[in-house]
Amino acid sequence: MQELLTAPLTACISTHLGVAPALVAKLYAPPAKGLPGDIAVPCFQLAKAKNVAPPLLAAQLADVVNSAGIGAHAAAAGPFLNITLDATSVALALLPLLAADPRVALRSRVGAGRVVCVDFSSPNIAKHMAFHHIRSTMIGNALALCYDAAGWKVVRINFLGDWGTAFGRLIAGWKREGLGMADLEAAPNKVTFLNQLYVRISRLEKEDPTVEGEARQWSRRCEEGDAEALALWETIRTVSVAACQEIYRVLGVTFDDWSGESRYRDAAGPIVAELKQKGLLKEDQGAQVVDLSSLGMKKPCLILRSDGGSLYATRDLAACDDRHARYHFARSLYEVDLGQSLHFKEWFAVAKLLGRPYADSLRHVGHGIVLMWNDETSTWEKTATRKGIPMMLMDILAEAIERARAVVADKNPEIVGEERERIAAAVGVGAVVFNDLKNSRTGDVKFKFEEALRFDGETGPYLQFSHARLCSIERKFPATHPHPPAADPGLLTLDSEKSVLLAIARLVPALERVAESDEPSALAQAVLSLATTVASWLTAGNHDEDLRVLCPDPAKASARLALVRAARGVLGEGLRLLGLQAPERM
RNA sequence: GCGCUCGUAGCUCAGCUGGAUAGAGCGCUGCCCUCCGAAGGCAGAGGUCAGAGGUUCGAAUCCUCUCGAGCGCGCCA
């Protein structure tokens, strides 16, 4: 979309100077604040190539552009060339496209049919999804949606932590306490039931050394395929998955592949055999490891425990082979917190030593932790526990929805019943999700209910409000007026209207950046910027009815309605790609 | 000790792959609802971009070092 606006300019400058168009196009930048113009061209590099002084070249180019008749006005400011596009030429270039389908503003072909695997959320079973799981879940979800919009074929994978020594311990506790299915069925919350069982048996293990042996024994029975052990494990898994599904339903997240470590419990063998055959495996303190010093890493990667059991690096390798065989991915993302970067660095390195063709396409997409404000100590604290109880994601979402419901009821009492509930959920969840996506993912997220749930400022509800406001104007547009596509884009002559279109045109670069650097905040920021531009445009009409969308001149009103529709459609699509809903009123 | 993430306004953060006078939200000050949604807008005050070197015509941005914060570093995942 941006190219549509700059193509004539690029052609004009590049033919005049006799340089490649791409050389010119990559120079475009936003002009400095306060200076007039829509596009700035710093002339240093071009001047060097042509061996003239930058200010001289800028002045020359200004003349060339101004006499070219390409719907743009240029002014030199020292070594910079500032371009102001005509509002009508912007509208004529973009509005017809947007009218046909606003989603063009958020589509790209950079993915070109390649496959990307996105591994995200990946909770451990038999535990509640804690608040911090929101990060992997919603960053991963946004990445999956954005890669899709950028032309990639996306495989969404939920790799459950459903295998390992913890389950041996859990089953040992289950047997020791003589529990049965009826006890689990009777529990008000089955995951809480399992979680508490785990806490009890872990505590007991510290006092009673026989527990450890029992746990290891049940672990082994699981690995060996013992029917009783596997039946219990299966029950635990089913119960946990159901609880996760409920959260994903609230968040609007889906997966293509519900995998898990258990699927690769027997897959360690072939990997170990291959490592051995290639001479990469060696024994170290009783364990089997791969030395990574040839790749500049001091510590080796652990492959097998001294008791012969597999480790998670081994299972990750096996799972990765499997994914590559099944999906032929060109890129594979692991949306897991930054604390595990060493683990990923290690097994990526092993994949490289094994000569895997995909080794360089693996990416650990890490994120920072979630901190919560503590009123008593006036500090930011990790959200691990509150009074020893894990802070549950579902509780946070429920409180957010409740707070949103109160605001909706207050601001818009005529919205009632099922619609109010739907909107409260969209707004409450949207507030929490956007709080997580708006800043760079590698930083820590600071969460405060009062901040995330405020409905002014840079928040999810602000974006949703902006969308609802545009919908409201559409609803009020008189049926007697000419409706688009009869609208004439040439009637959009205001700078504020041009600004909206330019903000829309900046979304594709933002989307492409998301799919390149795995950074959803790039889109979040661009959508935010669109919303503020829209708000500024609309509010200007408060005191001047000629500036309103619903202005006295029907032809002008029609053109503006086309812009309202475009902006609403784009905003709605932007919200969708971030994993937020966009209610039509709120 | 090694590695990772980070340090920008009172607070929370943007700053696209190096460009002009470093931006936004909150808070604060002053305006704007007989005005398409005030969940909004306009204006203002507020900064030695942690510090020191280096590369460059040009550095918040790239390189090195120092200081400070958080996290990780062998049989858990």
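Applying the Watson-Crick and G-U wobble criteria (two distances, each under 3.5 Å), B/G37 pairs with nothing in any strand. Look at B/C11: its Watson-Crick or wobble partner, with both distances under 3.5 angstrom, is B/G25. In this structure, B/C6 and B/G68 make a Watson-Crick or G-U wobble pair, each of the two defining distances being under 3.5 angstrom. As the counterpart of B/G30, B/C42 is assigned, both hydrogen-bonding distances of the Watson-Crick or G-U wobble pattern falling under 3.5 Å. As the counterpart of B/U61, no nucleotide is assigned, since no Watson-Crick or G-U wobble pattern has both distances under 3.5 Å. Base pairing of B/G1 is made with B/C73, judged by Watson-Crick or G-U wobble geometry with both donor-acceptor distances under 3.5 Å.
Side chain A/D456 to base B/G40: no donor-acceptor pair is found below 3.5 Å. For B/G37, the base has a donor-acceptor partner in the side chain of A/S472 [N/O atoms by modelled type, under 3.5 angstrom].
Look at CZ on A/R469: it is 6 Å from C1' on B/G37, rounded to the nearest Å. Look at CD on A/E451: it is 10 Å from P on B/C13, rounded to the nearest Å. Straight-line distance from the CZ atom of A/F344 to the C1' atom of B/U5: 16 Å, rounded to whole Å. A/H343 has its NE2 atom 17 Å from the C1' atom of B/C71, to the nearest Å. Here B/G19 presents its C1' atom at 12 Å from CG of A/N82, a figure rounded to the nearest Å. B/G19 atom C1' lies 13 Å from atom NZ of A/K26, rounded to whole Å. The CG atom of A/L530 sits 16 Å away from the P atom of B/G25 (whole-angstrom rounding). The CG atom of A/L371 sits 16 Å away from the P atom of B/A69 (whole-angstrom rounding).
Salt-bridge annotation for A/E451 and A/R454: present, with a side-chain N of the basic residue lying under 4.0 Å from a carboxylate O of the acidic one. Checked for salt-bridge contact, A/R565 and A/E474 meet the test: a charged N lies under 4.0 Å from a carboxylate O. We find that A/E346 and A/K299 are not joined by a salt bridge, their nearest charged nitrogen and carboxylate oxygen being 4.0 Å or further apart. Using a 4.0 Å cut-off between charged side-chain N and carboxylate O, A/R363 and A/E516 make a salt bridge.
Residue A/Y462 places its side chain closer to B/G40 than to any other of B/C36, B/G40, B/G72. Taking every side-chain heavy atom of A/D284 into account, B/G74 is the closest of B/G74, B/C26, B/G40. Listed nucleotides B/G25, B/C73, B/A39 differ in distance to A/M586; the shortest reach to its side chain belongs to B/A39. Taking the side chain of A/T165 as heavy atoms from C-beta on, and the options B/G15, B/C76, B/G37, the nearest nucleotide is B/C76. Listed nucleotides B/G19, B/G40, B/C16 differ in distance to A/A535; the shortest reach to its side chain belongs to B/G40. Comparing B/G72, B/C36, B/A39 by their nearest atom to the side chain of A/F455 picks out B/A39.
Rounded to whole Å, the P atom of B/C42 lies 23 Å from the corresponding atom of B/G47. Taking atom P in both B/A45 and B/C71, the straight-line distance is 40 Å, to the nearest Å. Comparing the P positions of B/U55 and B/G44 gives an interatomic distance of 40 Å, to the nearest angstrom. Spacing of P atoms, B/G1 relative to B/G53, comes out at 25 Å, to the nearest Å. With both ends at atom P, the span from B/A69 to B/C32 equals 49 Å, rounded to whole Å. Taking atom C1' in both B/C13 and B/C49, the straight-line distance is 13 Å, to the nearest Å. The gap from the P atom of B/C62 to that of B/C26 amounts to 30 Å, rounded to the nearest Å. Nucleotides B/C65 and B/C2, compared at atom P, are 11 Å apart to the nearest Å.
Residue contacts shown for A/W373 are absent, as no nucleic acid heavy atom lies under 4.0 Å away. The residue A/R513 sits close only to the backbone: its heavy atoms come under 4.0 Å of sugar-phosphate atoms, none of a base. Among the protein residues, A/A40 comes within range of the nucleic acid bases, having at least one heavy atom under 4.0 Å from a base atom. At a threshold of 4.0 angstrom between heavy atoms, the contacts of A/R585 include nucleobase atoms, whether or not backbone atoms are also involved. Using a 4.0 Å heavy-atom cutoff across all strands shown, A/V564 reaches no nucleic acid atom at all.
The aromatic rings of A/F131 and A/F447 stand perpendicular to each other, their planes meeting at an angle above 60°, with 30° marking the opposite boundary. Below 30°, between 30° and 60°, or above 60°: for A/H481 and A/F477 the angle between ring planes is above 60°, a perpendicular geometry.
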Salt bridge (charged side-chain N to carboxylate O under 4.0 Å, His left out), that's the test. Do A/E261 and A/R265 meet it? Break it down for me.
CA-CA 7 Å; A/E261 295 188 273; A/R265 58 197 181 215; over 6 Å; no

Determine, stepwise, if the pair A/L492 / A/L563 fulfils side-chain contact (heavy atoms from CB on, under 4.5 Å).
CA-CA 9 Å; A/L492 296 177; A/L563 182 56; 4.2 Å; yes

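For the pair A/K446 and B/C13, the criterion of a side-chain N or O lying under 4.0 Å from OP1 or OP2 is met. Side-chain N/O atoms of A/W380 include none lying less than 4.0 angstrom from OP1 or OP2 on B/G70. The side chain of A/S536 places an N or O atom within less than 4.0 Å of a non-bridging phosphate oxygen (OP1 or OP2) of B/C42. For the OP1/OP2 pair of B/A14 and a distance below 4.0 Å, the side-chain nitrogens and oxygens of A/S440 include at least one atom meeting the criterion. OP1 or OP2 of B/C6 sits under 4.0 Å from a side-chain N or O of A/T442.
Residues A/F348 and A/H364 keep their aromatic ring centres 6.0 Å or farther apart. Residues A/F455 and A/F465 place their aromatic rings such that the two centres sit no closer than 6.0 Å.
Nearest-nucleotide positions on RNA chain B for A/K299 and A/R441 put A/R441 closer to the 5' end. Comparing A/L304 and A/L538 by the nucleotide of RNA chain B that holds the closest heavy atom to each, the one mapping nearer the 5' end is A/L538.
Across residues 305-319 of chain A, A/R305, A/S306, A/L311, A/Y312, A/R315 each have a non-hydrogen atom less than 4.0 Å from an atom of RNA chain B (numbered order).
In this pair, A/F80 does not lay its aromatic ring on the base of B/G19; centres under 5.5 Å and planes under 30 degrees do not both hold. In this structure, A/F44 counts as stacked on the base of B/G19 under the 5.5 Å centre distance and 30° plane angle limits.
In this structure, the separation between CZ on A/R169 and CD1 on A/I201 is 9.0 Å, given to the nearest 0.5 Å.
Using modelled atom types, one finds a donor on one side chain and an acceptor on the other under 3.5 Å when comparing A/D316 with A/H343.
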